[in-house]
Peer 1: 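After the structure tokens below, expect a handful of questions from me.
Each chain gets a letter, A, B and so on, in the order its sequence line appears, and its residues count up from 1.
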There are 2 protein chains.
Amino acid sequence: MARTSDHRVRVELIEQAAALLATDEPLTLRAVAERSGTSTMAVYTHFGGMPGLREAVRNEGFRRLVARLEGIDDTEDPVRDLAALGAAYVRHGIAHPHLYRAMFDPGTGLENEEVAAEGLLRLTQAAERARADGRFRSEPVDVAIRQWIAGHGLLDLVLRGVLPATSAAAHGASLTLGVFLAAGDEPERCRLSVTEGWSSIAEHGR
Amino acid sequence: MARTSDHRVRVELIEQAAALLATDEPLTLRAVAERSGTSTMAVYTHFGGMPGLREAVRNEGFRRLVARLEGIDDTEDPVRDLAALGAAYVRHGIAHPHLYRAMFDPGTGLENEEVAAEGLLRLTQAAERARADGRFRSEPVDVAIRQWIAGHGLLDLVLRGVLPATSAAAHGASLTLGVFLAAGDEPERCRLSVTEGWSSIAEHGR
DNA sequence: CCTCATTTCATATCGTTGTTATGGCAATGC
DNA sequence: GCATTGCCATAACAACGATATGAAATGAGG
């Protein structure tokens, strides 16, 4: 076989596709090929077609998001950590709107289900620690899913322009607080943990 | 001018477009024209093009959703009513997945912003009553927005197939409970109101 | 070093999509 | 009764994704 491992073209195509999305230009087969310095056939040899390329971009988006979440370190307050993970999720989405939008666009989703589950696992682990500490009574995975739902709903409405980005922090913190209260946490401690967890991310910028 | 008011073709086009979406067929210009018994130009005379038709379908979706919400009658428990509105929202989206998806698909959104605000107003009014009864401390419109965020996030993830539809009720009720707890309601009363409000809708079917 | 199988991609073409141009037709206002 | 005006059928166009075909490049076996 010729060229066993040399994805230079492959990663270039993904990169240029993401660049097109980031600049609001329509993601078209010919545009990606031209900007990558190759021809349209390259997309077919590497991804089998345009849907394959889109899926590759989507997986790249999930990878970056999970990497971002894994950059959040545990502290002795798991509720704070879970709030910090939710805040990082929302801020990452706002910082990379087109990539986040692409992550939830089309079709199947085999590989990205794995990496999405990997990201959700991180939330679940924090919820498990919170339950071990006696602060949550609900099933940890349910708490994680509900915070994901809240973050995704907030992000989706903000990125569609129906809610202003300036209100994201207030709504996000309040929703997180509600999820934790419904899970059984004590109101005062909970409010403190959520405030800490959410503000701990604010500095990071993007 | 010929034929001052006769939208027969207009509503037929919208109807057939919605029918295409409902059967998972691709919404294409020629398909809509053929199924409506007319030609492609009709779409341009009535909607100015394909985006205009899509927007008309979207507005129709909003109208139906708001009509559904306005079918929820007030009781003496505003918290229960607000929960019932959220439940109706989620159930309606699950019952009409393609229409709900179309509502949040493309671009501008002038007219539908009005009708969307009209639907949100209904939630806000219930939250205002809850605040007048001393059960909520938060700003009513914020409570309404947060329940909308939760419902939309849940609906979006369910309709994309990442969450099973069977789990929608449990997550929806828990998220609603959390929003109300974060707004300041008393836990026991709140849990009762949410349970009542959510189950009051179950019978209605679609 | 030569050959040959295999991968990769450049060119050309096709089917389908949304859009525009053109003209006929029917209904309305004077 | 006639011109005007809105409505739509027909046809052509541009752009898109997809496919066919063949040339160039690469690595393995003798």
Peer 1: A/H7 has an atom NE2; how far is it from atom P of C/dC9, in whole Å?
Peer 2: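 The distance from NE2 of A/H7 to P of C/dC9 comes to 13 Å, rounded to the nearest Å.
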Peer 1: Find the distance between CG (A/L120) and CG (A/L69) and round it off to the nearest 0.5 Å.
Peer 2: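 Going from CG on A/L120 over to CG on A/L69, the span is 10.0 Å.
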Peer 1: Does one side chain, of B/R135 or B/S193, offer a donor that lies under 3.5 Å from an acceptor on the other?
Peer 2: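 Distance-only check passes for B/R135 and B/S193.
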Peer 1: Where do A/R54 and A/L27 come nearest, in terms of heavy atoms and distance?
Peer 2: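 Closest heavy-atom pair between A/R54 and A/L27: NH2-O, 3.5 Å.
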Peer 1: Return a table of donor-acceptor pairs under 3.5 angstrom between the side chains of residues 145-157 of chain A and protein atoms on other chains or two or more places apart.
Peer 2:
unit_1	atom_1	unit_2	atom_2	d
A/R146	NE	B/H171	ND1	2.9
A/R146	NH1	B/S174	OG	3.0
A/Q147	NE2	A/L82	O	3.2
A/W148	NE1	A/Y89	OH	3.0
A/H152	ND1	A/Y100	OH	2.7
A/H152	NE2	B/D156	OD2	2.7
A/D156	OD1	A/R160	NH1	2.9
A/D156	OD2	A/R160	NH1	2.3
A/D156	OD2	B/H152	NE2	2.7

Peer 1: Please list residues of residues 13-23 of chain B whose heavy atoms come under 4.0 Å from any atom in DNA chain D, ordered by number; otherwise none.
Peer 2: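 Output list: empty, so none.
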Peer 1: C/dT17 C1' sits how many Å from B/M50 CE, rounded?
Peer 2: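 It works out to 10 Å between those atoms.
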Peer 1: Take atom CD in A/E25; do more than 12 heavy atoms of anything else shown fall under 6.0 Å from it?
Peer 2: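 Above 12, so yes.
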Peer 1: Salt bridge or not for B/R63 and B/E60, using N-O below 4.0 Å?
Peer 2: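 Looking at B/E60 together with B/R63, the answer is yes, because their closest N to O distance falls below 4.0 Å.
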Peer 1: To the nearest Å, how far apart are B/F47 CZ and C/dG18 P?
Peer 2: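 Taking atom P of C/dG18 as the reference, CZ of B/F47 is at 15 Å.
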Peer 1: Measure CZ/B/R54 against C1'/C/dT19 and give the value in whole Å, please.
Peer 2: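 For the pair B/R54 CZ and C/dT19 C1', the rounded distance is 14 Å.
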Peer 1: Is B/D81 paired with B/R122 through a side-chain N to carboxylate O contact shorter than 4.0 Å?
Peer 2: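 No.
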Peer 1: Near DNA chain D, which residues from residues 24-45 of chain B have a heavy atom under 4.0 Å away?
Peer 2: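 Of all residues in residues 24-45 of chain B, the ones placing a heavy atom under 4.0 Å from DNA chain D are B/R30, B/T38, B/S39, B/M41, B/T45.
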Peer 1: Would you say B/H46 places a side-chain N or O within less than 4.0 Å of OP1 or OP2 belonging to D/dC8?
Peer 2: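 True: B/H46 side-chain N/O within range (under 4.0 Å) of D/dC8 OP1/OP2.
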Peer 1: Over how many whole Å does the gap from B/R10 atom CZ to D/dC8 atom P extend?
Peer 2: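 Checked: the CZ to P distance equals 12 Å.
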